[in-house]
Amino acid sequence: MASITGTSMSLLSNKSMVSCTRISGPNSVSFSIKGAKFPSITFQPRGLRFQVTCAAKPETVQKVCDIVKKQLALADGTAVTGESKFAALGADSLDTVEIVMGLEEEFGISVEEESAQSITTVQEAADMIDKLLETKA
């Protein structure tokens, strides 16, 4: 059973209650189970099916935010979130390359050039990092 009201949703199952704490549009939700919080889940339509993907860990997003702030020499009060676009923060293509290099150094990963060129937001970078770290482990 599911119910949606405003920006929250509850799902009831036989064993636990899932409480959705944030809905970021019709395709993205954050949720908690018995008080434990989990990263956002994004639903991506794929024809007649939905694909569920989990967003990067909050600590990965925060590290990426810190690296972006450092690489772009942003003021301390500048808000950088997962939704922040590099271009909106004033980054050009060279800045983006430097951000990716900083991420590679910080996380001990190697990003392929075509993947690096497709990254436009902090969240995309964090998602890619978590995926690369998963395959590396």
Side-chain angles (χ1 to χ4, degrees):
M1 180 175 122
S3 65
I4 299 175
T5 54
T7 61
S8 67
M9 171 177 72
S10 294
L11 302 170
L12 297 174
S13 72
N14 292 340
K15 298 186 180 187
S16 66
M17 178 160 175
V18 178
S19 175
C20 176
T21 57
R22 187 184 78 193
I23 298 176
S24 305
N27 295 333
S28 181
V29 296
S30 296
F31 66 97
S32 62
I33 298 175
K34 295 183 181 179
K37 296 190 186 247
F38 293 88
S40 296
I41 293 181
T42 304
F43 300 98
Q44 299 176 344
R46 299 279 189 229
L48 298 176
R49 298 180 178 192
F50 280 92
Q51 176 183 357
V52 177
T53 59
C54 291
K57 298 174 193 165
E59 53 270 15
T60 304
V61 175
Q62 186 57 52
K63 278 187 181 181
V64 173
C65 289
D66 294 342
I67 290 168
V68 168
K69 279 184 175 183
K70 180 181 174 186
Q71 292 293 334
L72 298 178
L74 299 175
D76 288 336
T78 305
V80 177
T81 65
E83 292 79 28
S84 298
K85 295 185 178 197
F86 297 150
L89 296 171
D92 58 20
S93 59
L94 180 58
D95 291 324
T96 303
V97 169
E98 290 176 352
I99 290 169
V100 171
M101 289 172 56
L103 296 172
E104 288 177 326
E105 185 177 323
E106 175 69 26
F107 291 96
I109 58 172
S110 180
V111 179
E112 295 179 18
E113 188 176 337
E114 55 270 1
S115 295
Q117 292 174 352
S118 68
I119 300 169
T120 60
T121 67
V122 169
Q123 187 66 54
E124 289 172 358
D127 291 344
M128 180 205 56
I129 289 165
D130 275 359
K131 193 177 290 187
L132 287 171
L133 289 173
E134 256 181 43
T135 59
K136 186 178 176 183

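To the nearest 0.5 Å, atoms OG1 (Thr60) and CG (Asp127) are separated by 9.0 Å. Rounding to the nearest 0.5 angstrom, the gap separating the CG atom in Leu132 from the OG atom in Ser110 is 8.5 Å. Interatomic distance, Ile129 CD1 to Glu124 CD, rounded to the nearest 0.5 Å: 12.0 Å. Distance check: Met128 CE to Glu112 CD gives 10.0 Å after rounding to the nearest 0.5 Å.
Put simply, Val97 and Phe107 are part of two different groups of oily side chains (I, L, V, M, F, W, Y) that touch within less than 4.5 Å, one to the next.
Nearest heavy-atom pair, Gly90 versus Asp95, reported as atom, atom and distance to 0.1 Å: O-OD2, 3.7 Å. Leu103 approaches Ala125 most closely through the heavy-atom pair CD1-CB, 4.0 Å. Summarising the geometry of Ile109 relative to Val111, their closest heavy-atom pair is CD1-CG2, 4.0 Å, with the distance given to 0.1 Å.
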Extract all donor-acceptor atom pairs below 3.5 Å that involve side chains of residues 63-75 and protein atoms in other chains or at least two apart in sequence.
| residue | atom | partner | partner atom | Å |
| --- | --- | --- | --- | --- |
| Asp66 | OD1 | Gln62 | NE2 | 2.9 |
| Lys69 | NZ | Thr78 | O | 3.3 |

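Residue Phe86 forms a side-chain contact (heavy atoms from CB on, under 4.5 Å) with just one option from Thr120, Ile119, Thr121, and that option is Ile119.
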Discussion item. Show, in sequence, the C-alpha distance, side-chain angles and deciding distance for Lys57 and Asp130, and conclude whether the side-chain contact (heavy atoms from CB on, under 4.5 Å) test is met.
Written reply: CA-CA 8 Å; Lys57 298 174 193 165; Asp130 275 359; 3.6 Å; yes

Discussion item. Set out, in order, the CA-CA distance, both residues' side-chain angles and the distance that settles side-chain contact (heavy atoms from CB on, under 4.5 Å) for Val122 and Thr81, then state yes or no.
Written reply: CA-CA 7 Å; Val122 169; Thr81 65; over 6 Å; no

Item to complete: Could you give me the CA-CA distance, side-chain angles and deciding distance for Leu89 and Lys85, then say whether side-chain contact (heavy atoms from CB on, under 4.5 Å) is met?
Response: CA-CA 6 Å; Leu89 296 171; Lys85 295 185 178 197; over 6 Å; no

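Atom CD of Glu59 has more than 12 neighbouring heavy atoms from other residues, nucleotides or ligands inside a 6.0 Å radius.
When atom types are taken as modelled, the side chain of Lys136 and the backbone of Gly108 share a donor-acceptor pair closer than 3.5 angstrom.
In this structure, a donor-acceptor pair under 3.5 Å is absent between the side chains of Ser118 and Glu114.
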